[in-house]
Each structure stands twice: as C-alpha cells, then as structure tokens.
Number of protein chains: 2
Amino acid sequence: MAISDRRISESTIHRLSIYYRALQQLEKENYETISSKELARREKLTPAQVRKDLSFFGSFGTRGLGYPVVELKGKIAGILGIDRVWDVALVGVGNIGSALVSYKEFQKQGFLIKMVFDNDQRKIGSNHKGIIVSDIRNIVSELRNSSIEIVIIAVPSSMAQLVADDVVQAGIKAILNLAPINLKVPDDVVVRNENMAMELEYLSFSLSNHQRPK
Amino acid sequence: MAISDRRISESTIHRLSIYYRALQQLEKENYETISSKELARREKLTPAQVRKDLSFFGSFGTRGLGYPVVELKGKIAGILGIDRVWDVALVGVGNIGSALVSYKEFQKQGFLIKMVFDNDQRKIGSNHKGIIVSDIRNIVSELRNSSIEIVIIAVPSSMAQLVADDVVQAGIKAILNLAPINLKVPDDVVVRNENMAMELEYLSFSLSNHQRPK
DNA sequence: TAAGAATTGTGAATCGTTTCACAACATTCT
DNA sequence: AGAATGTTGTGAAACGATTCACAATTCTTA
Ligand SMILES: NC(=O)c1ccc[n+]([C@@H]2O[C@H](COP(=O)([O-])OP(=O)(O)OC[C@H]3O[C@@H](n4cnc5c(N)ncnc54)[C@H](O)[C@@H]3O)[C@@H](O)[C@H]2O)c1
Ligand SMILES: NC(=O)c1ccc[n+]([C@@H]2O[C@H](COP(=O)([O-])OP(=O)(O)OC[C@H]3O[C@@H](n4cnc5c(N)ncnc54)[C@H](O)[C@@H]3O)[C@@H](O)[C@H]2O)c1
C-alpha cells in the first residue's frame, strides 16, 4: 500500500524519528540486524508497535532475522524526507534564535539555516555565524526568491502571527513556531509548535496529581 | 468523579493548557462567560471536546450560558497545578540554557529557575541573571537540600543520561529534557522531551508526503 | 408565567490506535 | 532432511479517544 493511500498518524511519524535515532546508535554499535523485540526494548515500546509502524510503508524485515540496520535507517530517512537537505530560514535572532543559529546539529541533520530575519535595526546587516541578518520588511520577496521551504519563528508572541502571515504569503508550507501562541494559517500549511511552557505545565500536572499520564 | 479515579490522557492535559491561555486572552477582552462553541472555534477544536475535557474534572459551566471566564481559568490553574510557584533547576548554561535563564515568561508563569549547574570551570561561580552557577559535582546534595521539584536538562546529549541519573538520585520526580535522546529513568519520574529535531523531521515528512498528519 | 433560545454534561456510537495472536518464512542444529 | 527456534507481517480483537445527540437546565422576552 502506498503512503498516499493512508493517513499516517502523528504518533507513527514521531516513532519513526525515534527508530531513526535508535538505528544510528545501533549502526555505531555494529549491529547488522535488529529485531522488533530488541528495538522496542531499547525505546520502551512494544514489538508489535514497531512492526505495525514499519508495515505502513513496506516490508523491510526478514522473518526469523529482523531488520537490516543500515538499510532500514535509509528507508526511514526516505520516508521522513531527511535523505536530502532542507533550506531553512529563522525569524527573530534574540535569545533563542541566536542559540539556534549556533546549533550545529541541525546542519548535521540536513536542516540548513540559510537566512535570518529580524526587525531590530541594530541587528539587521550584522553577521550571525556567517549569515547576514535581513530586514523583516523584505521577508516576502526574499523568501520567494529563495530555496527555503521551512521557517522557524522565534519572535515575541505578540509578533508571531504577523510574521506567520508574511511567511504564508511568501508561499512557505512548513513552520516551526517557538512562540507560545496558536498561529492561524491556511489548511495547506503545516505548523508545529515547540511550547516549553506547556511541557512545564504537563510536569506540574503530573506532580500535582501524582499521575503518570500516558 | 475524582481525578484519581481516571487516567487523564496526554491530549486532554495539553488542551487544558490551551484553554488556560485562551481564557487569559478572553479575560483581557473582558468576556465574562464563554461557551464551549466559541472557545472551540477560537482554538480550532470541537465544542464536544471542550466540554468532555472539562467534565473529567467537574461541572464548571452553566447550561444556557457557558463557562465563567475568570472562574474557569482559576479551576484549570488548580488542575494543572500552576496556581502556585514551582522551583526549578537548570543544568547546562550553554547556548540554550542561557536563553532559558534570561526568559522572563517562565517566571511570570510561576516557574522559577532557582539554581543553575554546569561542569565548565569557567562558568562555575559566575553570575547568570542573579544566580551563581553551581558545580555539577555537587548536584545531588544541593538538590536534596533545596525546594526544587523540576529540573531542566540542557547539556549535550552525550552527558544527558549522566545528569539525569544524578537528578533522579536527588529525588527529583519531574524532568524537562532538551537533549535529543531518550532518558532512562524509573517509572515514578516523569520526563518530557523538547526535541526540535523531531519537529523538523515532522515538517520534512509532511512536505515530502504532502500529507497533513492529524 | 409560559414559550423559545441557548448551552451544558454525559451516556452511547463512532472512529482511530494499539495489542494480540498466528501463519509464513528464515536460520540453525543434529 | 527434518525438527526446533526465532521473527516478521498482518488480520482481528481490544482498547482508548472523539464525536454525536439529547435530556436537563438557565436565560430572555413578552
Ligand atoms: N528565551 C527562551 O528561553 C524561550 C523559551 C521558550 C519560548 N520562547 C519563545 O521564543 C520567542 C523568542 O524568545 P526570545 O527569548 O528569543 O525573545 P527575544 O526578545 O530575545 O528575541 C526576539 C527577537 O525577535 C526580534 N523581533 C521582534 N519582532 C520582530 C518582527 N516583527 N520581525 C522580526 N523580528 C522581530 C527581536 O528584535 C529579537 O531579536 C518568544 O516567542 C518566546 O516566547 C523563548
Ligand atoms: N542550541 C540549540 O539551539 C539547541 C536546540 C535544540 C536542542 N538543543 C539541545 O540542548 C542541549 C544543549 O545545547 P546547547 O547548544 O546549549 O549546548 P552548549 O554546548 O552550548 O551548552 C551545553 C552546556 O552544558 C554544560 N555541560 C556539559 N556537560 C555537562 C555536565 N556533565 N554537567 C553539567 N553541565 C554540563 C557545558 O559546559 C555547556 O555550558 C543539547 O543537548 C542540544 O542538543 C540545543
């Protein structure tokens, strides 16, 4: 069954990311094959879950043996679309934005921050790790003339919707939003939120109710 | 039905955080009451979902009228455990850790970063926004003698498990982990992961498969 | 006070995800 | 070669979350 036949759940996609990291580690440890049982044990999942997730995309294993580590890693990279380079823009070079620009891991993973925007005159034109900060006022045309497909928004929450509107207008279809607000975008634009306050609230809930939520 | 009777799902807890923010906004806009219909419309949820989520914790609304904004906000704060102050420690004052220490919103929300740990001699003893950086080697005893209940881990991934082991040994039951690895902790410790790489991979998947996953 | 409109709270129905269980197949051992 | 062991891939069952649908209740208006 082809991918487009099925709607893949958010959980499955997240677990693919987990499998991918586990396989990177297994490759380092020189494993040639890995069983769903062992992979599940390492990542605290169930073997059936692992097999079911992978089966949505094909038959990658060998009965009696397990999955070939390097090959499966490649297949998952293909499924996730990380077997290529993605050009990324960052909006807002403040506390968190600066940390992101300096962060080497994204680059290693194939997510390249190629453009940076800000509205602070003192920052515009300055050099951040080899990237010149652009004026936010030019964002629509600059993104349109670029190869950028993913935008990270790291501006104060009061500004995030305005920035998102521009980003959408520039034709971008994928946004990673770090501001703690719910962006309103058209249906064909995917937004993922990274909301640390929500995670802290989750911890607070768990401690208060001494419940481990699922 | 008491909270302890039911296992509340992760999604419900996340939505409570969403309702809480929406109610803050509604309060600013001087709404006295809000219906599940309008709240759902604003947050792109369904009215039934809103009512069901709230009904797990009690009957907060009035038939025919809706929910009293300020009162409901208070109830949700109580449920999430954010009607009080939580003392938090941060481990790793690097790029991302520094951003967190400077971030005022956590404080406003009642999450107070009270202690900071690092293993870099040049950082230990230095002053970060009024907090003296402690030596990681003393973390177990220092946490034990403190009022800290939540720890944020912002060290390189190769170090995160070691730090987590110490944190667990110090009796901490809630961890926010920013390193892109799966921490192994006992069952009674809650870990939440903030994994930006995984979110980027999610965007990459969505763009590659032009699918909006749920 | 009665009728009409709005909206909650919640069982029941529906939908989606996870787990179970086993046939099919590969490998190893004797 | 045949038996024993290990493991996948996948329908079916079990479970869990969301949506439906409606009785119960409140408010408004006349
Ligand atoms: N700092 C943290 O630890 C942290 C943690 C979680 C979430 N966040 C969120 O991340 C976002 C950024 O936080 P921060 O601490 O880096 O803030 P910051 O104030 O340090 O940085 C914001 C940057 O955005 C720029 N900016 C403002 N308006 C802009 C606009 N319209 N267009 C382009 N650039 C604009 C500012 O000039 C500044 O450089 C906020 O929404 C915040 O809530 C931050
Ligand atoms: N920088 C980013 O934008 C970013 C984004 C996503 C995730 N992360 C993750 O956050 C973590 C921190 O990233 P960073 O960019 O801030 O790294 P960094 O190297 O700038 O900072 C790490 C800090 O941890 C300290 N440290 C190292 N080992 C330690 C130990 N054993 N005990 C205590 N302190 C120790 C270092 O001295 C340093 O101050 C990493 O796991 C990274 O993958 C970072």
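Within every chain, numbering begins at 1; the chains are lettered A, B, ... in the order of the sequence lines, protein sequences first and strands thereafter.
In this structure, CZ of B:Phe60 is placed 11 Å from P of C:dT10, rounded to the nearest angstrom. Following rounding to the nearest Å, A:Lys52 (NZ) and C:dT19 (C1') show an atom-to-atom distance of 9 Å. Rounded to an integer number of Å, the gap from B:Ile13 CD1 to D:dA17 P is 11 Å. Separating the CG atom of B:Asp53 from the C1' atom of D:dA17 is a distance of 10 Å, rounded to the nearest angstrom. Atoms OH (A:Tyr67) and C1' (D:dG6) sit 13 Å apart, rounded to a whole Å. Taking atom CD1 of residue B:Ile8 and atom P of nucleotide D:dG16, one finds them 13 Å apart after rounding to whole Å. For the pair B:Gln49 CD and D:dA17 C1', the computed distance is 8 Å after rounding to whole Å. D:dT7 atom P lies 10 Å from atom CD1 of A:Ile34, rounded to whole Å.
Checking C:dA26, C:dT10, D:dT18 against every side-chain atom of B:Arg51, the shortest atom distance belongs to C:dT10. Checking C:dT7, C:dT17, D:dT7 against the side-chain heavy atoms of A:Ser9 singles out C:dT17 as nearest.
Without hydrogens or angle criteria, A:Thr33 side chain to A:Tyr67 main chain gives no donor-acceptor distance under 3.5 Å.
Contact annotation: B:Arg15 side-chain N/O to D:dT18 OP1/OP2 distance is under 4.0 Å. Of the side-chain N and O atoms in A:Ser36, one or more sit less than 4.0 angstrom from OP1 or OP2 of D:dT8.
The distance from atom CD of B:Glu38 to atom CG of B:Leu26, rounded to the nearest 0.5 Å, is 7.5 Å. One distance of note links CD of B:Glu10 with CZ of B:Arg192; it measures 4.5 Å at 0.5 Å rounding.
At the heavy-atom level, B:Thr12 lies nowhere under 4.0 Å from the strands shown.
Where B:Gly64 and B:Thr46 each meet DNA chain D at their nearest nucleotide, the meeting point lying more 5' is that of B:Thr46.
Side-chain atoms of A:Arg63 and base atoms of D:dT8 include a donor and an acceptor less than 3.5 Å apart.
With respect to B:Glu27 and B:Lys73, a salt bridge is recorded, a charged nitrogen being found less than 4.0 Å from a carboxylate O.
For the pair B:Arg42 and B:Tyr31, the cation-pi test (distance below 6.0 Å, angle within 45°) is passed.
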